[in-house]
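First up is the structure itself, then whatever we jot down about it.
What you see is a predicted model, and the numbers here were worked out from it, not measured in a lab. Start at 1 and go down the list; that is how both ligands and their atoms are numbered.
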Amino acid sequence: MVPESTAEKPYPPLSHIPAHVGIIMDGNGRWAKARGLPRLAGHRAGVDNLRRVLRAAADFGIPILTIYAFSTENWGRPEEEVQGLLRIFEQMVDREVAKLHREGVQLRHIGRQERIPERLQRKVKKAVELTRDNHRLVLNVAFNYGGRTEIVDAVRQIIEAGIPAAEIDEDVIANHLYTAGLPDVDLVIRTSGEMRVSNFLIWQGAYAEYYVTPTYWPDFDKDELYKALVAYNQRERRFGLLPE
Ligand code: IPE
Ligand code: IPE
Ligand code: MG
């Protein structure tokens with residue numbers, strides 16, 4: 001990644017860095033509204049902000065980041081917004097992939113292919129193939145993603161593979177999710193104040209720590225990410241057991 005600027009303030013080291021962080025990038029529309037701008041201007045600012053947060057995540061040593069970019073429910077928004085989002089996302093792929101590749105980012109897509117325009121599907125596939133051997137940071141982009149759809153797709157695959165009922169356990173299901181091979185999410189950050197999961201990583205987040213900030217996504221910066229990591233370090237994860 002790009003070297004940290006020398007003017008940057010120090011961030012005291014943290015004892016626990018989560019292996020897998022999820023971010024529900026919410027509040028683009030409200031960010032735009034507060035400035036008297038159209039919602040799509042908020043989405044553009046949101047996509048621009050990704051670069052900054054990615055760099056910060058890599059600086060803090062977060063190995064896996066899953067970002068919620070477009071849900072299976074978001075298709076129900078007005079056509080103009082959906083088309084605008086698809087356009088902005090495609091522009092991001094066009095402009096950023098080479099740079100991300102140079103910076104050692106491994107790109108993945110989680111979600112259904114269907115309904116995503118073919119040209120965009122092809123570009124995403126190419127980006128995933130180009131970056132597959134990078135290991136600085138895994139960036140999972142949840143696009144046309146829904147946690148329930150993910151479980152439905154896993155069940156279909158398990159049945160198609162002919163796995164007998166008696167052999168189905170939690171590992172079998174986890175290995176058929178879009179995130180197969182990745183550890184469960186440790187920390188889920190949601191911007192813009194909403195206290196809900198909105199169908200994001202519902203299986204993988206069973207024991208995640210949740211952190212909500214009122215900041216809208218386009219304003220979420222390195223300081224904000226650090227604050228979330230500090231909060232994570234103050235949590236006691238018990239996984240149903242008794243405290244130490
Ligand atoms: C999040 O911002 C981005 C997407 C859901 C695509 P929103 O568009 O949900 O912004 P708000 O919640 O309306 O402010
Ligand atoms: C969740 O945000 C989806 C993404 C951030 C992509 P939404 O804005 O769609 O969620 P709700 O409607 O507030 O639950
Ligand atoms: Mg929203």
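Close approach to Arg77 involves these atoms of ligand 2, each under 4.0 Å from a residue heavy atom: 7 (P), 8 (O), 9 (O). Taking every heavy atom of Arg196 and a limit of under 4.0 angstrom, the matching atoms of ligand 2 come to 11 (P), 13 (O), 14 (O). For ligand 1, the atoms closer than 4.0 angstrom to any heavy atom of Ala69 are 6 (C). Listed by atom number, the atoms of ligand 2 under 4.0 Å from Phe70 heavy atoms are 6 (C).
Heavy atoms of Arg39 found under 4.0 angstrom from ligand 1 belong exclusively to the side chain. Contacts of Glu194 with ligand 1, taken as heavy-atom pairs under 4.0 Å, are absent altogether.
Here the protein heavy atom with the shortest distance to atom 2 (O) of ligand 2 is Arg190 NH2, 3.6 Å. Residue, atom and distance of the protein heavy atom nearest to atom 10 (O) of ligand 1 are Gly29 N, 3.0 Å. Here the protein heavy atom with the shortest distance to atom 9 (O) of ligand 2 is Asn74 ND2, 3.0 Å. Looking only at heavy atoms of the protein, atom 1 (C) of ligand 1 is closest to Met25 O, 3.0 Å. The protein heavy atom nearest to atom 14 (O) of ligand 2 is Ser198 OG, 2.6 Å.
Within a 4.0 Å radius of atom 12 (O) of ligand 2, the protein contributes no heavy atom.
Distance check for Asp26 against the Mg ion (ligand 3): an N/O/S atom falls below 2.8 Å.
Cation-pi check for Lys222 over Phe60 is met; the charged atom lies under 6.0 angstrom from the ring centroid and within 45 degrees of its normal. Under the 6.0 Å distance and 45° angle rule, Arg35 counts as a cation-pi partner of Trp31.
Ion pairing between Glu236 and Arg238 holds under the 4.0 Å rule for side-chain N and carboxylate O. Arg87 and Glu90 are not joined by a salt bridge, as no carboxylate oxygen comes within less than 4.0 angstrom of a charged side-chain nitrogen. The pair Arg51-Glu96 counts as a salt bridge, with a side-chain nitrogen and a carboxylate oxygen less than 4.0 angstrom apart.
Below 30°, between 30° and 60°, or above 60°: for Tyr145 and Phe200 the angle between ring planes is above 60°, a perpendicular geometry.
Taking 4.5 Å as the limit, some side-chain heavy atom of Asp221 sits within range of a side-chain heavy atom of Arg52. In this structure, the side chains of Asp26 and Trp217 stay at 4.5 Å or more apart for every pair of heavy atoms.
In this structure, Leu86 CG and Arg115 CZ are separated by 10.0 Å, a value rounded to the nearest 0.5 Å.
Residue Trp31 has no nitrogen or oxygen atom sitting less than 3.5 Å from a nitrogen or oxygen atom of ligand 1, judged on distance alone. Among the atoms of Ser71, none of the N or O lies under 3.5 angstrom from an N or O of ligand 2.
Heavy-atom distances between Gly27 and ligand 1 reach below 4.0 Å in at least one pair.
Between Arg190 and the choices Met195, Met25, Arg196, the side-chain contact (heavy atoms from CB on, under 4.5 Å) rule is met once, by Arg196.
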